[in-house]
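Bear in mind the structure is a predicted one, so any value in this text is a computation, not a measurement.
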Amino acid sequence: MKIEAIDTSETKEYFINMGPQHPSTHGVLRLLLTLEGEIIKNVEPHIGYVHRAIEKMCEKSSFQQIIHLTDRLDYLSCHMNNEAVCLAVEQGLEMDVPERVKVIRTIIDELNRISSHTLWWGVMGMDMGAITSFLYGFREHEMITEIFEETCGARLTMSYNVPGGLMFDIPPNFQKMVKDFLFHFKKKLPEYDTLLSNNIIFTERTKGIGYLSKENAIAFGVTGPSARASGFACDVRKLKPYSAYHKVNFKEIIFTEGDCFARYKARIDEMWESVSIIEQLIDNIPEGDYFVKTKAVIKLPVGEYYQSVESARGEFGVYIVSDNKKNPYRVKFRSPGFANLSALNKIAQGCKIADLVAIMSTLDLVIPDIDR
Amino acid sequence: MDREALKNKLIEVFPNASFSENKQFIILTTTSDKITEVVETLKNNIDFRFDYMFCITGEDWLNYFIITYHLRSTHLGHELVLKAKIENREKPEIETLSHLYSTAELNEREIFEMYGIHFLHHPDLRKLLLPDEWEGFPMRKDYYDPIHIVELE
């Protein structure tokens, strides 16, 4: 038998599949990588494994039902998603909700943002090879989940918002629970820095890796902390304040480095800002009703309504086209994850496979949000 | 630029386009064959500078299709809704905008598979979310699928 000699001097591009069952893709995302050696030449995302036709389902659903579908998009910022639909419907009905509702919605928004970011932080550490952070991140995440459970009965997919207000009033011990959590969290957040932010192994793997320029961030529509780390001021809470955000003082976290570490740091700093927002509001929840009565069948006037909110991943938009029926004519969800994913190819080109894990972690992709 | 000034400027630059307004946005409607020209002006004109396209939506209105583009200028802070009307339902076609806005590439692929609208000169027009062997365009209003769609009423 003749064995053919292999020419080792020649390098060839080859393909490799990452996912759909890869732990660091955080869900069923398949990436088709074109590699030369270990260097990534091209990343082609294949998505749609959890496509549930939510936009099509919305066309058959009433406005109250749509809210429950938006929980299933980005399940880690479910309250913001619910709020976007409610605000769009309220905008169509020209309804003004009570101050109490606005403040409670804002507090829960920020709690939800912290819970999403703590979970992201834990998982990010685990992607980088540190199991400890996963356990620590989930500890704080769990505390917020318990507050949610006490408030509305659900831990993850809350559906606490309804058009016109909230489903229930907050429990009497809500303020105490939130304050206890903040007291605990403010002591623990510096630990996050000790564990990861100042860890030499971690910083070596994230600093200068996965650069996204401001121009590219805008062109690809990247939003949220991922874009603000590239210097793109896109915080919807600042640009178009909704609920009670015009009442509070907070900083829009902007970094200009645009690398993985900047994206990481933007989220850590955002948690401090969220803590500050909650502290400003928690003692000032106005008395009053927790909802405005709406008709059982909501019909929006003919027209189109766009409402965006700042979810934990970026600008989440709801675009409703109404023809004055009980179901919307067309609903489109502008999901932040979808836009953030589209920039992945640009960011990852020239990086190594191990860096791709860091890049995906810092983009904080949630797959059901992308697939819709 | 404030809303009135923007509106006047738009009318000056696009005298033939039709305008409408709602509480939030100025809506500019154009035909599908002029889309590239219009968007290039909106992006490059020093008074508009719409550099950020944050939402692209396909809509089926039974006799025609509409593609809605939500645009924002990160420099000047104003927003605009641009609608492109595609009259030909049998063979819907429109020029791609992926060379102007990178975000359009994936969004256009989604509209292509959901509505069957062809984006001319798109670099990679394939199905995105649906399986490759999927037949029909599910987001169209006349789409009929007795297996996957259960009518509730």
task: Please assess Y305(A) against K23(B) for the test side-chain contact (heavy atoms from CB on, under 4.5 Å), listing each intermediate value before the final yes or no.
output: CA-CA 9 Å; Y305(A) 309 95; K23(B) 282 220 174 74; over 6 Å; no
task: Please state whether the side chain, the backbone, both or neither of K240(A) comes within less than 4.5 Å of a heavy atom of chain B.
output: side chain
field: Top contributor to chain B interface from P45(A), G221(A), A219(A), G48(A) [non-hydrogen pairs under 4.5 Å]
entry: A219(A)
message: Just so I know, are the side chains of M139(B) and E59(A) near enough to count as touching, which here means a heavy-atom distance under 4.5 Å?
response: yes
message: Around atom NZ of K299(A), are there more than 12 heavy atoms from other residues, nucleotides or ligands closer than 6.0 Å?
response: no
message: Could you measure the distance from the OG1 atom of T103(B) to the CZ atom of R334(A)? Nearest 0.5 Å is fine.
response: 6.5 Å
task: Measure the OG1-CD distance between T74(B) and E215(A) for me, rounded to the nearest 0.5 Å.
output: 9.5 Å
message: Does H121(B), at its NE2 atom, have more than 12 non-hydrogen atoms belonging to other residues, nucleotides or ligands within less than 6.0 Å?
response: no
Greater than 12 external heavy atoms within 6.0 Å of F15(A)'s CZ: no
task: Assess whether side-chain contact (heavy atoms from CB on, under 4.5 Å) is satisfied between F338(A) and L128(B), documenting all intermediate values.
output: CA-CA 12 Å; F338(A) 188 76; L128(B) 181 68; 3.7 Å; yes
message: Taking atom NZ as the centre, does K238(A) end up with more than 12 heavy-atom neighbours from other residues, nucleotides or ligands that are less than 6.0 angstrom away?
response: yes
- line: Applying a strict 4.5 Å limit to non-hydrogen atoms, the region of P138(B) in contact with chain A is backbone
field: Heavy-atom pair of closest approach, residues I218(A) and D51(B)
entry: CG2-O, 3.4 Å
task: Below 4.5 Å from any heavy atom of chain B, which atoms of E55(A) appear? Answer side chain, backbone, both or neither.
output: both
message: Go through it in stages, so that I can follow the logic: the residues are E110(B) and R372(A), the test is side-chain contact (heavy atoms from CB on, under 4.5 Å), and I'd like the CA-CA distance, side-chain angles, deciding distance and then a yes or no.
response: CA-CA 11 Å; E110(B) 191 192 331; R372(A) 283 162 288 146; 2.9 Å; yes
statement: When the 4.5 angstrom heavy-atom criterion is applied to D60(B) and chain A, the contacting part is backbone
message: For R140(B), is there any backbone N or O sitting under 3.5 Å from a side-chain donor or acceptor partner on K56(A)?
response: yes
- prompt: Given that the side chain runs from C-beta out, which part of T68(B) has a heavy atom under 4.5 Å from chain A: side chain, backbone, both or neither?
  reply: side chain
message: Is it the case that the ring center of Y101(B) lies less than 6.0 angstrom away from the ring center of F220(A)?
response: no
- prompt: Distance from L129(B) atom CG to I47(A) atom CD1, nearest 0.5 Å?
  reply: 5.0 Å
field: Side chain proximity check, L239(A) to R72(B), heavy atoms < 4.5 angstrom
entry: yes
Contacting moiety of I56(B), where chain A heavy atoms sit under 4.5 Å: backbone
query: Can we call the ring centroids of F54(B) and Y306(A) under 6.0 Å apart?
result: yes
- request: Decide if atom NZ of K141(B) counts as having more than 12 heavy atoms of other residues, nucleotides or ligands within a radius under 6.0 Å.
  value: yes
Y52(B) vs T223(A) side-chain heavy atoms within contact, under 4.5 Å: yes
- request: Pick one of side chain, backbone, both or neither for Y319(A), based on which atoms fall under 4.5 Å of a heavy atom in chain B.
  value: side chain
statement: Looking only at R126(B), M53(B), E105(B), most heavy-atom pairs under 4.5 Å shared with chain A are made by R126(B)
query: In terms of heavy-atom proximity below 4.5 Å to chain A, should E79(B) be classed as side chain, backbone, both, or neither?
result: side chain
- prompt: Counting distance only, does the side-chain N/O of R330(A) pair as donor-acceptor with the main-chain N or O of G58(B) below 3.5 Å?
  reply: yes
- prompt: What part of Y329(A) gets closer than 4.5 Å to chain B, counting heavy atoms only: side chain, backbone, both or neither?
  reply: both
query: Nearest 0.5 Å, what's the CD1-CG distance between I370(A) and L106(B)?
result: 10.0 Å
message: Out of K346(A), H46(A), H51(A), return the one with the most heavy atom pairs under 4.5 angstrom to chain B.
response: H51(A)
query: Between Q24(B) and E304(A), do the side chains contain an N or O donor and an N or O acceptor separated by less than 3.5 Å?
result: no
